[in-house]
Structures are given as C-alpha cells and as structure tokens.
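These notes concern the structure reproduced below.
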Amino acid sequence: MSELPATRPYAQDSREARTVQDTLADRAAALDAADPLAPVRDRFTLGGAPADGSPESAVYLDGNSLGALPTTVLPRLTDVVGREWGELRIRSWEESGWWTAPERIGDRIAPLIGAAPGQVVVGDSTSVNVFKALVAAVRMAPQDRDEILVDAATFPTDGYIAQSAARLTGRTVRPVPADGIAEAAGPRTAAALVNHVDYRTGRLYDLRHVTAALHAAGALAVWDLCHSAGALPVALDADGVDLAVGCTYKYLNGGPGAPAYLYVRAEHQPRFDSPLPGWNSHADPFGMAPDYVAADGAARGRVGTPEILSLLALDAALDVWDGVTLADVRAKSLALTDFFLACVAATDPRGRLRSVTPQAHAERGSQVSLRCADAGGVMRALIARGVVGDFRQPDLLRFGFTPLYTRYADAWHAARVLADILDARDTAGPGTLPGAGTHPRPEGQPEGDREGTP
C-alpha cells in the first residue's frame, strides 16, 4: 500500500482552504488548456446528471468497467439495422462485409496492442477467449510440463478457467503472486496466465520481463490485457508474447457486452489447436464437412456466427482513435492519476484514504484505488453526487481514468466531492451518508469486470 503524494494539506481554516481549492482548480484548468487530447473528448457522449438532482455536472470515472459512448456508434448502428439488416438482409454477409468483420476489426485493434496485421480476431467473450488461448498454449507444450501458473489474486473467472483448462489437459494449476510468476516458472511449467494490470489495485506488471522469463523456462505466456489495452502502450510482437486476450468495452469503448479479441502470434498459428473448433474457424466453413480442418491465420480463433450488431458497434467506436497516439494517451493517464492523487492528499489531511495503487509510473495502469472505511457507502454517495466510480470488496474505491475524455477538472471535482462526503460522514456518523441509498447495485454486489455485467 502506497502513501499518497506529499502535498500541501487541505487547510482547516476556511480562508486557507479556499486558497488551496483555487490553486488546484487553476492547475486543473491550465492542464486541460494544454492537453493535446482535449479535442478528442468531443468524440464521446458524456451527458448525465447526478442521481440526487444537484446542479453539479456528472464526472465519469468508471471507464475501466464500461467506456463512454462514442458519437460514431449510433449513426453506424442505425445504418446497420435499418439498411444492412433491414434492406439487404442475408446479402450483407458478403456485400456489407459481415463475414470478414472479425479479422478486419481485429486488424484495427492490432496497432493498439502492438501487433502486426493477421494476428488478432474479434469475437466471443473475454472468458471464452481466455479458455481458447490457455488450452491452446498448454497443448503446444510437451506432456511432461504438467503445471499452469496463474496469478493468485487474478480476476476470479481467469482462475476458474485455468482450473478447467488443467482438468481438460491433465495438468495442475499453481497459483503464485503476480510479481513472482517470472521467478516461479520452471521445467514443469507449460504456460502462465498473467494479468497486465491488476483489476483491484491498478498495478502494472512488466510484460516484457515476465514473458522473457517464461520463455527462458521453456513456457508460453498468455496475457490478459483487459485493463491495459487502450490505456497504455502494449507491444505484443516486440515483447514476444505468445497469446493474449482482452475485452473491448473498457478503454476501447465498444459498448456493454462488446466482443473480446484474441491474439495468436503468427509463428504459433499453425499449431493453434482450439478447444472450441466451430464451423466459422473451418478451412471451408460452407463445405459442411463432418471432419474439422482448421482455417489458416487468425481465423482459427473463431468459433460460431459473429455477433454482428455488437461487432459493428465496436468497429464504429474504434474511430475515436483516428489521429491519437498511445504515447499521448499514456502521458495523460499518468498525469491525470498523479494529479488526482495530489488532489486527494490535499483534501484529506486526516488520512482517511490510503492509495493501494503504485506511485511509480512504471508500475501504474490508468486507475487509482483508494482504501476507505465504509467504501460501499461512500461510493453510493459519490454516485448520487454525480461522481461515478466503483467499489471493490471489502474496502476499495476504484476510479478509472480514460485519457480520451477525462479532464483534469474532473479529477479535481471528484477529489473535492469525495472530501465533502467523508467530512459529512465524520460529522453525522457512519450509515448517514447523503445519497448513500441511491446506488444502483445492492451493497456487497461489485460491478463486473467481464462481459460488461452491471
């Protein structure tokens, strides 16, 4: 757990407090004015009012669970439904490019994860793609490599799937701390399933170093990019990654339930043996042959009929990346999270909040997680005041910063409202937070991180 940055405390004297607030507000305004990504914000629909009806504008800091709506999506879907489906109907599989959409959209995602064309296919859920990737990786390993390494604190689904993959392939799962996977790999390791960014804390792991260590041990690396792709540079090809999966509804803004993607390194594609062979991944899908023959290339990762409406919504959403560099995205992500941590430190001199997100830039994703008493009630009160983050049991407030549309003014506003809520709680006592009963989810029911669940 890291200390919050050393910053001038939020003054208890009202006059000095106003000075600190004005300084931070001015700093936010200056940073926003100099932000090269500021015009990109106009590519999103960012309406919405606080649940309590207050005049404050809403601030959305939950893009690490569900990204905001790009303005390009609704017109595209209107055309897809009204013309491509409504008028062309089945002809659209060929005439509108529906059949090739999984590979075509995969090639649009490829530059965002450092992959050359022909290695990414879009379709199915993150969980299904984790299963395909991990089983295929283990099947490439010699039989005497009988263990699968997995992050001991991984997102639960990844752990469940690793156990299933082990049963299916006759291996065992060995959970190890995420920062110990590189050292844990040995002659028995077939593959490791590794998270690039920890979904609870926002800690970023060294993809290049861990991949190299796994390869040195003779094992394959399967990476989960759900909390990194679209928020920071990823270099799958350059760093030698074997297989990777990721969702598209977080920082790629593909929409709720948007299909996930699967990366299979080109050199592994001829040996990629999917545990879910379907007619869509057959070399001759319309031949309807009784025996399975896998297609060439990334198409081996397909299974069944593509999810056309959600696929094409994602296709339109990816337009927001036109002219955007990941270097600018990463620079703003770090600056935003630095600024938010400074604002929290300035407004919480009593230490009611403790950051569990690393301060070191090389170890930080694009979120800030704060440990807080009664975190569930505090988040409900925040949402009622129009600051939308999420809660992770037992005591984490989680704020996701999407550089394409989040402003520094949003970070300052969120910290100020959070301080106001904590002050109100301290005055009135726990359980009496204003707006604490208006959270859209029951207490103890965290927001999902897979498949866009509410």
Inset, instruction - Please determine, by modelled atom types, if D224 and Y199 share a side-chain donor-acceptor pair under 3.5 angstrom. - result: no

Legend entry - N195 side-chain N/O to D198 backbone N/O, donor-acceptor pair under 3.5 Å: no

Inset, instruction - Begin with the C-alpha distance, continue with both residues' side-chain angles, and end with the deciding distance and a verdict on salt bridge (charged side-chain N to carboxylate O under 4.0 Å, His left out) for R208 and D239. - result: CA-CA 5 Å; R208 174 178 292 181; D239 291 343; 2.7 Å; yes

Legend entry - Check: H215/D242 side-chain N/O donor and acceptor closer than 3.5 Å: yes

Legend entry - Residue pair V222 / A133: nearest heavy atoms and the distance that separates them: CG1-CB, 3.9 Å

Inset, instruction - Working to the nearest 0.5 Å, report the span between NZ of K332 and CG of L37. - result: 5.5 Å

Legend entry - R27 atom CZ: more than 12 heavy-atom contacts under 6.0 Å: no

Legend entry - Option passing salt bridge (charged side-chain N to carboxylate O under 4.0 Å, His left out) with R41 (candidates D410, D32, D35): D410

Inset, instruction - Go through the side-chain N and O atoms of Q119 and D107 and say whether any donor and acceptor fall under 3.5 Å apart. - result: no

Legend entry - Side chain proximity check, N129 to Y261, heavy atoms < 4.5 angstrom: no

Legend entry - Sidechain-backbone polar pair: T357 side chain, T201 backbone, donor-acceptor under 3.5 Å: yes

Inset, instruction - Take C372 and L422 through the side-chain contact (heavy atoms from CB on, under 4.5 Å) test and state the conclusion after the steps. - result: CA-CA 10 Å; C372 174; L422 295 181; 4.0 Å; yes

Inset, instruction - Could you check S333 against F401 for side-chain contact (heavy atoms from CB on, under 4.5 Å), going step by step and ending with a plain yes or no? - result: CA-CA 7 Å; S333 168; F401 290 83; 5.7 Å; no

Inset, instruction - Answer yes if the side chains of T402 and Y405 hold a donor-acceptor pair under 3.5 Å, and no otherwise. - result: yes

Inset, instruction - Output all residues satisfying side chain to side chain contact (heavy atoms under 4.5 Å, CB included) with A185, sequence neighbours left out; order by chain, then residue number. - result: L149, T189, L214, A217

Inset, instruction - Determine, stepwise, if the pair T337 / Q367 fulfils side-chain contact (heavy atoms from CB on, under 4.5 Å). - result: CA-CA 7 Å; T337 48; Q367 74 182 53; over 6 Å; no

Legend entry - R416 side chain to H413 side chain, donor-acceptor N/O pair below 3.5 angstrom: yes

Legend entry - Pair E103 + R108: basic N to acidic O under 4.0 Å: no

Legend entry - Carboxylate-amine/guanidinium proximity below 4.0 Å for R385 and D420: yes

Legend entry - For A244 against L225, the heavy-atom pair lying closest together: CB-CD1, 4.0 Å

Inset, instruction - Could you tell me whether a side-chain N or O of S310 sits under 3.5 Å from a main-chain N or O of E307, the two making a donor and an acceptor? - result: yes

Legend entry - Check: K250 and L66 side chains under 4.5 Å, non-hydrogen atoms: no

Inset, instruction - Kindly say whether A116 contributes a backbone atom to a donor-acceptor pair with the side chain of D237 at under 3.5 angstrom? - result: yes

Legend entry - D328-T325 side chain donor-acceptor pair, cut-off 3.5 Å: yes

Inset, instruction - First locate atom OG of S366, then atom NE2 of H227, and finally report the distance between them rounded to the nearest 0.5 Å. - result: 11.5 Å

Inset, instruction - Drop me the distance from F391's CZ to L382's CG, to the nearest 0.5 angstrom. - result: 12.5 Å

Legend entry - Pairwise distance CG(L370) to CG(L397) - rounded to 0.5 angstrom: 6.0 Å

Legend entry - Backbone of V40 reached by a side-chain donor or acceptor of D42 within 3.5 Å: no

Inset, instruction - Taking all non-hydrogen atoms of both residues into account, name the closest pair between N64 and G400 and its distance. - result: OD1-CA, 3.3 Å

Inset, instruction - Give the minimum heavy-atom separation between L353 and D348, together with the two atoms involved. - result: N-OD2, 2.9 Å

Inset, instruction - Taking all heavy atoms of G389 and all of F399, pick out the closest pair and write down the distance. - result: CA-CD2, 4.4 Å

Inset, instruction - Side-chain contact test, heavy atoms from C-beta onward, threshold under 4.5 Å: evaluate it for R364 versus L341 and give yes or no. - result: yes

Legend entry - Side-chain heavy atoms of W99 within contact of N280, under 4.5 Å: yes

Legend entry - With D395, the salt bridge (charged side-chain N to carboxylate O under 4.0 Å, His left out) member among R371, R352, R200: R371

Inset, instruction - State, without any angle test, whether R398 and S65 hold a side-chain donor-acceptor pair at a distance under 3.5 Å. - result: yes

Legend entry - Presence of salt bridge, D179 and R203, under 4.0 angstrom: yes

Legend entry - Reported CG-to-OG1 distance for the pair L61 and T406, which is rounded to 0.5 angstrom: 6.0 Å

Legend entry - Heavy-atom check, side chain of L309 versus side chain of V80, under 4.5 Å: yes

Inset, instruction - Check for a donor-acceptor pair, side chain of Y408 on one end and backbone N or O of A33 on the other, with a separation under 3.5 Å. - result: no

Legend entry - Partner set under side-chain hydrogen bond (donor to acceptor under 3.5 Å, both in side chains) for D206, not counting sequence neighbours: none

Legend entry - Minimum side-chain heavy-atom gap L314-L312 below 4.5 Å: no

Inset, instruction - Report yes if the side chains of R350 and D426 come closer than 4.5 Å at any heavy-atom pair, otherwise no. - result: yes

Inset, instruction - Give a yes or no answer on whether the side chain of R76 reaches the backbone of A316 with a donor-acceptor pair at less than 3.5 Å. - result: no

Inset, instruction - Walk me through it: do T248 and T126 pass the test side-chain contact (heavy atoms from CB on, under 4.5 Å)? - result: CA-CA 9 Å; T248 63; T126 309; over 6 Å; no

Inset, instruction - Indicate the atoms forming the closest heavy-atom contact of Y60 with A68, along with that distance. - result: CE2-N, 4.4 Å

Legend entry - Approximate separation, where rounding is to 0.5 Å, of L112 CG and L326 CG: 5.5 Å

Inset, instruction - Please examine the side chains of V329 and W321, heavy atoms only from C-beta on, and report whether any two atoms are closer than 4.5 Å. - result: yes

Legend entry - S274: side chain to side chain contact (heavy atoms under 4.5 Å, CB included) partners, not counting sequence neighbours: K132, F272, L276

Legend entry - Salt-bridge contact R302-D124 (side-chain N to carboxylate O under 4.0 Å): no

Legend entry - Distance-only side-chain donor-acceptor flag, W223 / T211, under 3.5 Å: yes

